Amino acid sequence: MFHSEPITGRATVKLLSDAHARLVESAIHSAQAAGELPPFDIPPVEIRPPKRSDQGDYAAAVALQLAKPAGINPFDIANIITRHLPPADFVGAVEVVKPGFINFRLDETWLKTQVEQIIAEGDSLFQLNLGAGKRAQVEFVSANPTGPLHVGRSRGAMVGDTMARLLEAAGYAVEREYYFNNAGKQMVDLGNSLRIRYLEALGQPVEIPEQDFYQGEYLKDFARDLVAEKGDSLVGADWKPFKEYAERRMFDVIRATLKRVNIEHDIFFNENSLYESGAVWHTLDNLRERGHVYQAIRPENVANDQPDEDEAGKGEAVWFRSTAFGDEKDRVLVKSDGSPTYTLPDIAYHVDKINRGFDLLINVLGADHGAQHRVVKYGIQALGLDASKIHVILIQLVRMIRDGKEVRMSTRRGDYDTLDDLIDQTSADVVRYMLLARSPDSHLNFDLDLAVKQSNENPVYYIQNAHVRCAGIFREAEARGLTDNGADVNLLGADELRFIRKAMELGEVIALSAQTFEPHRIAFYAGELASLFHPIYDNVRALHGDVPPDVAKARLRFYRAAQVVFKRVLTLMGMSAPERM
RNA sequence: GCGCCCAUAGCUCAGUGGAUAGAGCAUCGGUCUUCGGAACCGGCGGUCGGGGGUUCGAAUCCCUCUGGGCGCGCCA
């Protein structure tokens, strides 16, 4: 039996779409109870702000959906629902329109009270409890320490960190994790590359290899420092001490770079620890016990009358029968030489994550890893664990555009555009925004020329300027000895309320982003908010013209609230909220 | 060949099966010179890649074709 609870505004209503939906559900139930609507299962009621403002602040299309199951025309259904709507202080006018839309208008008096509410919530504005008591982990960046972060990786960094911030706002306890491998051939190459640079720095004749050599300038810097520290004591050493030194320095560089864009990971997880703990082989044993593994020269389910050329000389490998879970082919877990492929420790890693008790695991990966993560999920399923906790945000690749042409990147060749370079040329805020403000599914053309421009073509400044303007008003107000203390928000006008309406959608943006794993939404919302703000700033003067003192005070109060909203939104994007520009 | 992603204004891109598809830039014209103009207002600009289908309703879901990106290792 549906129990309708009184719905009140004030401090409690943070998700207005949801609140309206509950009103409608309640109305349908009571209409059914009264016999005005026939019994039927109520579909999920979805309510959201319509595109056009003359269609209300929140609109419901349920009546259209219900026409068939109810056997009544949608316009009548809408009217019946409207009659049974329970009272709520945030609801103003309710209108039923043509085919059967129910358009809600927010109550203006209630809306005005939200100005004070926004100011009271401050930095925790629209802090939700959707994830209350739940732990989420976001794994992102996860670049091996072979070089500085380049721009391609950076997109995942911004998306991952913003996702983490939004999950925090939704109420989750969030951990940020960086997974890395320091044991592979890449790292041997890195050690050898530094060894050569070291010898070079000592003035010894060296030959720069054509292959397997990292050419970046940073290794020359490391080499100089290493000479200063150790002199020529490492001349006879192999790659190992160089690899260790390079790794440590590289992580310092990477961490410092991430710090510049307000990203700090809680945990750096070394793949190697999975070997040290035995987790890798334990995972394999578990898979074997469950019968998902077999030993063979080639996968068992391919036609074997024609052996592959490259199978020649290879012994038996250990295969994971991933086809049983929908994979297109089985995967090798252990090579014939006895060493594991990347897949096995990756599965072990995710087992480890799940065992750490997270309710939600988010992986931010580049599109080039799209196939790999599926194999991991199959592995998790094979082990009888809940793979549905794992959600992958697959990021399409970034193309750097300069002078209208694509700029190719390669970490190994050394002619990449590093994230540090990019920040130097623009700013941390510009980089964060431009890499965030795109759907992950969409390829991102990063226009270097535009990013460098500090003009109105650049949306970042437009948004931040809204915050700057609010701060400016209060600097001016202070200089004139004015305050917003004791303001009467009832004196606010329609322009200001239009902004407050939009501000009240922030909760939905946070909730939706967290539920759909689409952090880019906040970036577009920020732009919309700013484009509502600037005209108001121009038209609604607080300190200028013949504005009555009490009205001026109320407007100051409004700008106080606007500043809170912009600061919150900018912070959610990991950007600064400057007071001046 | 197979799998995943993409195709929306001149450009870069939003768009949770709903009402007349939006924004920024570019372009053309206007406001205005300040509570910091990195601003405001208006105009121009679209057969949502083509074709079928599902639905009361499709840019959105399904099929297909075309054109792009990525992936299809006993690499990581």
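Just so we're clear, the structure is a prediction, and the values are computed from it rather than from any experiment. Numbered from 1 within each chain, the chains take letters A, B, ... in sequence-line order.
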Using atom [atom1] in both nucleotides, what's the gap between [N] and [M] to the nearest angstrom?
N: rG46(B); M: rU33(B); atom1: C1'; result: 37 Å
N: rA21(B); M: rU16(B); atom1: C1'; result: 15 Å
N: rU8(B); M: rG68(B); atom1: P; result: 14 Å
N: rG51(B); M: rA58(B); atom1: C1'; result: 15 Å

Pairing partner of [N] (Watson-Crick or G-U wobble, both distances under 3.5 Å):
N: rC2(B); value: rG71(B)
N: rG57(B); value: none
N: rC25(B); value: rG10(B)
N: rA39(B); value: rU31(B)

Residue [X], side-chain atoms from C-beta onward, closest of [options]:
X: V332(A); options: rG3(B), rC74(B), rG18(B); result: rC74(B)
X: H443(A); options: rG69(B), rA19(B), rA76(B); result: rG69(B)
X: E328(A); options: rG18(B), rU16(B), rG3(B); result: rG3(B)
X: Y462(A); options: rA39(B), rA19(B), rU16(B); result: rA39(B)
X: L512(A); options: rC72(B), rA76(B), rU16(B); result: rU16(B)
X: P535(A); options: rU16(B), rC74(B), rC41(B); result: rC41(B)
X: R475(A); options: rU12(B), rG36(B), rC74(B); result: rG36(B)
X: K68(A); options: rC35(B), rC56(B), rC40(B); result: rC56(B)
X: Q65(A); options: rG73(B), rC35(B), rG18(B); result: rG18(B)
X: Y461(A); options: rA38(B), rC35(B), rC40(B); result: rA38(B)

Atom [atom1] of [X] and atom [atom2] of [N]: how far apart are they, to the nearest Å?
X: R155(A); N: rC5(B); atom1: CZ; atom2: P; result: 15 Å
X: R438(A); N: rG24(B); atom1: CZ; atom2: P; result: 15 Å
X: Y537(A); N: rG36(B); atom1: OH; atom2: C1'; result: 6 Å
X: I102(A); N: rA19(B); atom1: CD1; atom2: C1'; result: 14 Å
X: E528(A); N: rA14(B); atom1: CD; atom2: C1'; result: 8 Å
X: H534(A); N: rC32(B); atom1: NE2; atom2: P; result: 21 Å
X: I463(A); N: rG24(B); atom1: CD1; atom2: P; result: 12 Å
X: D441(A); N: rC4(B); atom1: CG; atom2: C1'; result: 10 Å

Does [X] place a side-chain N or O at less than 4.0 Å from the phosphate oxygens OP1/OP2 of [N]?
X: K335(A); N: rC75(B); answer: yes
X: S439(A); N: rC13(B); answer: no
X: K51(A); N: rA19(B); answer: yes
X: R48(A); N: rU16(B); answer: no
X: N465(A); N: rA39(B); answer: no

Taking only Lys NZ, Arg NE, NH1 and NH2, and the carboxylate oxygens of Asp or Glu, determine whether [X] and [Y] approach each other closer than 4.0 Å.
X: E505(A); Y: K502(A); result: yes
X: R555(A); Y: D495(A); result: no
X: K353(A); Y: E139(A); result: yes

Legend entry - Donor-acceptor side-chain pairing of R432(A) and T162(A) below 3.5 angstrom: yes
By the 4.0 Å heavy-atom rule, please label [X] as base, sugar-phosphate, or nothing.
X: A371(A); result: sugar-phosphate
X: A437(A); result: nothing
X: Q55(A); result: base
X: R469(A); result: sugar-phosphate
X: H520(A); result: sugar-phosphate

Inset, instruction - For R480(A) and for L397(A), locate the closest nucleotide of RNA chain B by heavy-atom distance; then report the residue assigned to the nucleotide nearer the 5' terminus. - result: R480(A)
Legend entry - Which residue lies more 5' along RNA chain B, comparing Y559(A) with D54(A) via nearest heavy atoms: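 Comparing both residues, the 5'-ward one is D54(A).
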Legend entry - Check: Y378(A) ring centroid to H292(A) ring centroid under 6.0 Å: no
Inset, instruction - Compute the centroid of each ring, for Y342(A) and then for Y179(A), and state whether the two points are separated by less than 6.0 Å. - result: no
Inset, instruction - With side-chain hydrogen bond (donor to acceptor under 3.5 Å, both in side chains) as the test, would you mind laying out the steps for T146(A) and Q186(A) before giving the verdict? - result: CA-CA 7 Å; T146(A) 56; Q186(A) 287 181 343; 4.8 Å; no
Inset, instruction - Give a yes or no on whether a donor-acceptor pair under 3.5 Å exists between the nucleobase atoms of rA19(B), that is its base, and the side chain of N103(A). - result: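 Side chain to base: pair present.
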Legend entry - Base rC74(B) to side chain S336(A), donor-acceptor N/O within 3.5 Å cut-off: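 For S336(A), whose side chain was compared with the base of rC74(B), there is a donor-acceptor pair (under 3.5 Å).
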Inset, instruction - Check whether the aromatic ring of F101(A) stacks on the base of rA19(B), taking stacking as ring centres less than 5.5 Å apart and planes within 30° of each other. - result: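 One would call F101(A) stacked on the rA19(B) base.
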Legend entry - Parallel, tilted or perpendicular: rings of F566(A) and F499(A) (30°, 60°):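 Tilted.
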